[in-house]
Structure formats: C-alpha cells, structure tokens
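All chains are named by letter (A, B, ...) in the order of the sequence lines, taking the proteins before the strands, and each is independently numbered beginning at 1. Remember, it's a predicted structure, so these values are computed and weren't measured experimentally.
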2 protein chains.
Amino acid sequence: MQTQGQVRSANLAAVLACLRDDGPRSRAQLAAGTGLTKATVSSLVGELVDRGLVSEGGLLRPGSVGRPGTLVELAGRGTCGIGVEINVDYLAVLVLDVAGEVRRQARVALDTAALEPAEVLARASAMTAAAHAEHPAVGVTVAFPGGVQGSVVRTAPNLPRWVGTDVAAGFAELALPVRVANDADLSALAEWSAGPHAHVPDLVYLTGEVGVGGGVITGGQLLRGSTGLGGEVGHLALTPGDAACGCGRTGCWETVVGLAALLRAAADPGDPLRDPGRDLEDRLAEVADRARDGDARTLAALADIGTGLGVGAAVLVSLFDPAVVVLGGYFAQLGEFLLDPLTQALGARVADPHRVVLSTLGFTAAVRGGAHVALQPVFTDPTTVPLEASA
Amino acid sequence: MQTQGQVRSANLAAVLACLRDDGPRSRAQLAAGTGLTKATVSSLVGELVDRGLVSEGGLLRPGSVGRPGTLVELAGRGTCGIGVEINVDYLAVLVLDVAGEVRRQARVALDTAALEPAEVLARASAMTAAAHAEHPAVGVTVAFPGGVQGSVVRTAPNLPRWVGTDVAAGFAELALPVRVANDADLSALAEWSAGPHAHVPDLVYLTGEVGVGGGVITGGQLLRGSTGLGGEVGHLALTPGDAACGCGRTGCWETVVGLAALLRAAADPGDPLRDPGRDLEDRLAEVADRARDGDARTLAALADIGTGLGVGAAVLVSLFDPAVVVLGGYFAQLGEFLLDPLTQALGARVADPHRVVLSTLGFTAAVRGGAHVALQPVFTDPTTVPLEASA
DNA sequence: GACAATAGTCCAGCGACCGAACGAATAGCC
DNA sequence: GGCTATTCGTTCGGTCGCTGGACTATTGTC
C-alpha cells in the first residue's frame with residue numbers, strides 16, 4: 001500500500017494540473033489531456049469531487065454531434081491558501097482558492113520597524129485568522145523582507161530587530177502549516193504562477209523596495225542556494241569602493257539602484273520627497289509627476305537608476321539566461337522612465353536585451369506567491385485534502 | 001500498462017540509486033534502505049540482474065548471528081556510458097561503467113582549430129567507435145567548448161569555424177544516442193557525481209582554459225537557462241571599459257582572468273611562455289616553476305589573477321549561494337598561487353569565503369561528466385536497458 | 001424514427017506491491 | 001552433535017489501481 005497510492009496521487013495531481021492549466025473540461029477531454037483512460041479519469045474525478053477540489057459544472061456546449069460532456073472544473077469554494085506579508089511599513093494578506101481566484105485581500109499600513117516583532121506577529125496572525133475563518137485554508141506562507149532559514153529570520157537589513165525571530169511560531173494558534181520565505185522569492189513565484197509570463201521556466205524578478213530584492217526561477221524551480229540566500233541581488237558587489245551599504249560593505253547594487261539612492265539623487269535634503277514620515281507610494285507618485293512634468297533633475301536621477309539597473313541586469317542575464325526579467329516594486333511603478341536607459345545599458349553588455357518587462361501584479365506579488373506556495377501541496381498530492389463527510 | 005510500469009521503473013531506479021550511493025549490500029539492506037518489502041526487492045534485483053545492471057557478489061560478512069546475506073552490487077561489465085571531449089588542442093574519450101569505474105580513457109593532442117570540423121569529428125567518432133567496440137555503451141555525450149543548442153554549436157569563441165555545426169551528426173554511424181553539451185557544464189556535473197564534493201546540491205565550477213568556463217548546479221540540477229547559455233561566466237561584464245574581448249565587447253571577466261591575461265602579465269612578447277606553438281601544459285608548468293622560484297613578476301601576475309577570480313567569484317557566491325566553488329583547468333593547476341588572493345578578494349565582498357576548493361579531477365572532468373550524463377537514462381529508468389538473452 | 005457520434009460507466013483482467021508464512025543458513029550454547 | 005535464536009531470501013494469497021472493451025446515455029443528422 002505504499003507505491004500504489006503514489007500512482008493514485010500522481011494521477012489525481014495530473015487531473016488537477018490539467019484543469020488548472022487548460023481550464024474546465026469534460027472527463028473525455030481530461031482523458032485525452034492526461035493520457036489516462038476514460039474509466040480511470042471518471043474514478044479520479046469522483047475522488048476529487050469527494051475531496052471538494054473539483055465540481056461538476058454545466059454541460060459542455062455540443063459543438064458537434066454526440067452526447068455532450070459534463071464540465072469538470074476546479075472548485076472555487078472549499079480549499080484555499082493564505083499568503084501573508086510582513087514588510088517595513090505594512091502588513092498584507094491574500095487568500096487564493098484552488099481555481100486561482102483571489103477570495104480575500106487586505107492590506108494595512110503599519111510601521112513595523114517601530115514595533116516589537118511579537119506585536120507585529122500578533123496583528124498579522126489576527127489578520128490571518130480572520131481570513132482563515134472565512135476561507136478555510138490548507139496552509140499559510142509568510143513573506144518576509146530578508147533571509148530566512150527554516151522559519152527563523154537570519155538577515156533583515158531593513159528590520160534588524162527581527163533577526164533570530166521564529167516567524168512561524170507567531171502563527172502557531174492557527175494550527176496550520178506555516179512556511180516563511182523571502183518576499184522577493186515569493187514574488188518571483190507569483191510572476192511564475194500568474195500574470196502574462198506564467199510558467200516561463202526561466203525568470204528573474206527584481207523588486208525595488210526600501211532595498212532591492214531578487215528572486216530567480218531556473219528550470220521551473222526557485223533558486224534557493226545552500227543556505228537559502230540564493231538569488232539575493234541587493235548586495236551584489238558591482239562597484240566596490242562606492243557608497244557604504246547597510247550591510248557593512250561598500251558598493252552593493254542596492255546603494256546604486258535602491259529607493260534611497262533614487263530619492264537622494266532626485267531631491268535635496270529639505271525636499272518633501274525625502275521626508276521619511278510620508279507614505280512611500282505618495283512620494284513615488286510625486287516622483288512620477290515631476291518626471292512627467294519634465295523636471296530635469298528627476299529625469300536624470302531616474303536615468304541613472306535605469307542605467308544602474310541595466311548594469312546589474314546584464315550580470316543576471318549573463319548568468320541565468322532568463323527568458324524574461326520582470327521588474328516589480330517601485331521599478332514597475334516608475335518603469336516608464338527606467339526602461340529606456342536600462343535597455344541601453346543592458347544592450348551594451350549582453351546579446352539580447354529585449355526581455356525586460358514590468359510586473360502587472362503590483363504590490364500583491366509577494367502575498368500572491370505566498371498563497372500559491374501554501375496551495376502547492378494540494379496540487380502535488382491531492383490526497384492531503386480530507387474527504388468531505390457531506391458526500 | 002502505463003502508470004503501473006512507471007512504478008516498476010521508479011523502484012528499479014531506487015534500488016540502483018541505493019547501490020550506487022551506499023555501496024554493495026544485501027537484499028535485506030536494500031529493503032531497509034528503499035522502504036520496499038523484501039519480496040519486492042527480490043523481484044527488482046532479479047530483473048536488474050536479467051538486465052545486466054547488477055550482479056550477485058560474495059556473502060556479506062556475518063558480523064552477527066543469522067543467515068548471511070548475499071551481496072548485490074552494480075555490475076562493472078555490460079553497461080557503459082561514453083564521454084567525448086572536443087577541445088581546442090586535444091580530443092579525449094572516457095568510458096564509465098554503471099559502477100562508476102573508469103574502464104577506458106584516451107587523450108590525443110590535436111590542433112582542432114587548424115582542421116575542418118568534419119575532419120575532427122571523423123577522428124573523434126573513430127575514437128568513440130573503438131571505445132564502444134570494447135565497452136558497449138548506452139549513449140555518448142560530447143563536451144564542446146562553446147554554447148550548444150540541441151546538438152548544434154551556437155557560439156564558440158575559440159573554435160569559430162564550428163558555429164552551426166551539428167556535432168551529433170558526426171557520430172551518427174555509432175547508432176547511439178548522442179548528446180552535446182558545454183564542457184564546463186559537464187565538468188560541473190563530474191564534480192557533482194564524483195570526487196570529494198559529490199552530491200553537494202549547490203556547486204559552482206569555474207575552469208580556466210583558453211577562455212573561462214563555468215557550470216552551475218543548483219538544487220542538484222544543472223542550470224541551463226532559457227537558451228542553454230545559463231552559467232556562462234566568461235563574458236560577465238565586470239569591468240566595463242577595459243580590455244577588448246573576443247566576443248566583441250569589453251571588460252569581460254575572461255579578459256581579466258583568462259589564460260591570455262595571465263601569460264600577458266607574466267611574460268613579455270619574446271618570452272617562450274608566449275610562444276603559441278608550445279604545449280599549454282608545458283607553459284603552465286613553467287609558470288608554476290617560476291612562481292616557486294619566487295619570480296616577482298610571475299607572482300604578481302598570479303596574484304592579480306587570483307584577485308580577479310575573487311571579484312568574480314563574489315558575484316557568483318552572492319547569486320548562487322553555493323556550498324562549494326570548485327576551480328578546474330589551469331586554475332586548479334596553479335591553485336596554490338591563486339587561492340590566497342582569491343580568498344582575500346572574496347572575503348571583502350561576501351560573508352563566507354571559506355568554500356573555494358581545487359578540482360581533483362584534472363583535465364578529465366569534462367569527459368567524466370559526459371560519460372556520467374550518457375549513463376543517466378539507465379539510472380532514471382533501468383528498463384531502457386534490454387534484457388540479456390543469456391539469462 | 002433510425003443511425004452515427006460522443007460521453008460516461010461497468011466489469012473482468014493484469015501488473016505491482018504488500019504482509020505473512022516458510023525454508024535456508026549461520027552463530028552460540030549445552 | 002543437536003537445539004535455539006536470528007537473519008536472509010523466497011513463495012503465496014490478497015489488495016489496489018489502471019486498462020480495454022462492452023455497454024448505456026444523450027445528442028445531432030438524415
């Protein structure tokens with residue numbers, strides 16, 4: 001009773017994957033799509049219905065002669081994954097069902113750096129519990145802006161107090177599997193699982209936040225590295241000897257293209273843009289306004305950032321050879337002013353610069369990726385979802 | 001008869017993997033190691049014997065009371081993989097059996113650049129045919145110093161005539177599956193499959209040849225990228241504006257740490273070291289001799305190379321977070337003079353520089369990796385090996 | 001209304017694994 | 001030498017999951 005069940009799990013997963021990737025379809029189409037027999041598919045679909053993962057929809061439109069098939073589709077209700085994001089100035093939660101629909105979404109501003117981690121965790125846990133009460137979930141994934149090993153924070157340049165904190169422990173009362181991961185890594189997975197570049201197996205994601213984050217997917221797998229720090233791009237040593245970085249070294253890429261570098265170059269100390277009390281998005285909107293008004297200094301600052309991005313992106317493109325580089329965070333928000341100098345710098349260093357695009361997921365990328373990861377076990381082994389008694 | 005057989009294949013593979021990784025052992029130990037039943041293991045071993053992949057050895061030393069087990073071990077004879085290397089100044093062939101033993105090895109000097117690709121392929125094919133006649137193989141993998149897509153050369157900075165050549169076609173008469181891959185990638189796989197760092201899942205391999213090659217293994221998988229150019233480190237744009245590179249751009253890493261850079265820095269144009277007609281290994285040996293004699297210029301040149309290696313390695317370590325960086329080719333040969341400056345430069349840029357080691361596989365790394373890749377199908381699906389009629 | 005075409009279910013059969021029982025081979029002990 | 005405990009490997013009945021074909025259900029076409 002060991003390996004036999006694995007066949008069953010694998011085939012259940014194959015049916016789910018077919019429904020997810022190709023949309024609702026009849027049992028006959030599923031049989032064609034998975035290579036299994038109609039009889040087997042019927043049995044598998046029956047089990048998936050019993051587990052509440054799929055449901056029978058309407059009839060398939062006839063199209064031609066013959067008995068019309070009954071549509072099978074991923075069940076919107078019943079099984080969800082929750083993504084939670086803890087970041088420097090906000091908390092966010094997003095609930096995704098197996099059909100890939102967003103069922104709930106929340107974001108609250110919170111000056112995380114000023115609070116105790118325990119206090120922040122309590123709030124995040126409460127938000128998650130509320131989501132779980134409304135949409136029962138099979139797991140939670142927490143996105144955190146730093147390096148994480150297991151569920152313990154190892155490095156957190158912008159939230160130094162969190163180093164050593166066990167983030168998962170803060171969600172223990174939920175009695176759900178809780179994973180913790182780097183926010184940029186999860187954002188990369190979100191770009192991979194949804195959006196216009198879904199399932200591109202080689203993808204690099206760069207996000208401009210307070211720091212610079214990166215997530216790399218190669219061969220359809222997230223690059224983790226031996227200690228979970230793989231794909232971290234913020235502290236690439238590209239221009240040694242330049243500005244000091246929060247990490248203690250000099251010349252990190254972050255010091256060139258981070259948000260701080262942009263604001264410093266775009267405005268003098270007295271400028272409202274450099275008021276640390278103001279909301280970041282407001283300030284970014286103002287930068288965009290000034291750029292659109294043709295303010296020379298702003299445009300020059302943005303061009304410098306774009307060039308810096310291109311220089312670093314050249315290294316990433318050379319090493320990872322991705323099909324697409326996705327820019328998120330503030331890079332996406334100000335992308336229209338960054339892409340030209342970026343492409344120019346990139347083109348001078350690699351053969352094919354035509355693969356940098358802006359993320360369309362906005363600031364929900366990390367939570368969406370987290371919810372996606374939380375749902376992953378369902379798709380790899382559907383038998384982990386219990387049979388519904390109501391059947 | 002579809003998925004059922006996959007279970008069989010997977011379990012056959014599990015038994016093989018256990019024998020490969022943990023050495024010869026009895027059926028009972030195999031059952032314990034794989035989680036299968038003794039009965040199932042007996043059946044699986046029987047089939048593997050019929051396929052000529054394993055054989056029964058002597059009795060297991062008693063050790064304690066009870067009936068001694070009969071040892072099962074990977075069969076040295078019968079199934080082999082062939083690795084072939086086409087390089088700038090030599091051809092090499094290596095035959096590996098399923099037990100991981102080298103059964104045949106050959107290397108001939110050949111000025112590849114001066115010959116037509118067809119002529120070189122004919123010689124390589126003949127060498128391979130001779131090896132195949134002595135040790136029947138299930139496949140051939142050809143290592144080539146350049147970028148390869150499918151079996152066609154796309155880029156070959158040091159063998160420009162080969163661009164567009166279908167390498168596999170040159171081996172068609174063997175009637176064996178032929179794959180073609182980058183030499184550094186295969187060397188990385190060799191380091192991963194054998195040697196002191198075998199099965200380290202995150203490993204970066206750097207080799208100093210005429211150019212600089214790199215191969216990256218992340219999560220136990222070779223990094224390929226969207227067009228097969230992933231992990232190519234030679235043309236990393238680290239110091240733009242400096243020396244011109246053969247690729248048409250400037251400042252590529254190769255111009256800093258390639259063999260040409262070393263020889264240029266270590267000797268004046270008239271020096272015998274810079275005689276392109278001399279054997280490379282001779283010249284490298286002379287460099288080592290001069291360094292051991294304390295020649296200031298040589299030592300300074302080597303120190304510069306080491307520093308340059310460290311600067312680039314810092315980028316690789318930051319991005320890939322490998323457990324180990326293995327230096328091959330001339331980097332290994334002159335490693336004793338390079339490691340100190342390398343570690344120093346690396347330590348200034350990343351947190352943990354204690355993971356650079358020298359390859360012990362010498363110049364056989366690429367062919368060994370090729371033979372390993374050629375054998376791979378046997379370990380992923382042992383049913384690809386036909387049943388022996390002699391049973 | 002008969003016929004063709006397609007969807008889905010039923011059923012016997014087969015392959016693969018499991019668990020238990022059995023014979024085989026050895027060490028230790030009297 | 002004979003007995004027992006222990007471990008190894010095989011045999012055999014049982015179960016699970018998939019297959020292929022037969023069968024029913026449902027629709028469009030003639």
Residue-phosphate contact under 4.0 Å: R67(B) side-chain N/O, dT6(D) OP1/OP2
no

So which one's nearest nucleotide on DNA chain C is more toward 5', K38(B) or L44(B)?
L44(B)

Mark yes when over 12 heavy atoms from residues, nucleotides or ligands other than E47(B) sit less than 6.0 Å from its CD; otherwise mark no.
yes

Check the phosphate of dA16(C) against N11(B), side-chain N and O only, distance under 4.0 Å to OP1 or OP2. Yes or no?
no

Considering just the side-chain nitrogens and oxygens of T40(A), establish if one lies under 4.0 Å of OP1 or OP2 belonging to dG17(D).
no

For S26(B), which contact category applies under a 4.0 Å heavy-atom criterion: base, sugar-phosphate, or nothing?
sugar-phosphate

Hey, are R8(A) and S43(A) close enough side-chain-wise for a donor-acceptor pair under 3.5 Å?
yes

May I ask you to verify if any side-chain N or O of R8(A) is less than 4.0 angstrom from the OP1 or OP2 atom of dC16(D)?
no

In whole angstrom, give the distance that lies between atom CD of E47(A) and atom C1' of dC16(D).
12 Å

Considering only dG20(D), dT9(C), dC17(C), which nucleotide approaches the side chain of R27(A) most closely?
dT9(C)

Regarding A39(B), tell me which of base, sugar-phosphate or nothing describes its non-hydrogen contacts under 4.0 Å with the strands shown.
base

Give a yes or no on whether the backbone of V373(B) and the side-chain of R179(B) come within a donor-acceptor separation of less than 3.5 Å.
yes

What is the separation between atom CG on L71(A) and atom P on dA7(C), rounded to the nearest whole Å?
12 Å

Would you classify S43(B) as touching base, sugar-phosphate or nothing, given that sugar-phosphate means primed atoms plus P, OP1 and OP2, and contacts are heavy atoms under 4.0 Å?
nothing

Apply side chain to side chain contact (heavy atoms under 4.5 Å, CB included) to residues R27(B) and E56(B) and explain how you reach the verdict.
CA-CA 10 Å; R27(B) 289 171 174 79; E56(B) 295 206 345; 2.3 Å; yes

Nucleotide of dA25(C), dG9(D), dG8(C) approaching P68(B) most closely (side-chain heavy atoms)
dA25(C)

Would you kindly give the CD-to-P distance between Q6(B) and dC14(C), to the nearest whole Å?
21 Å

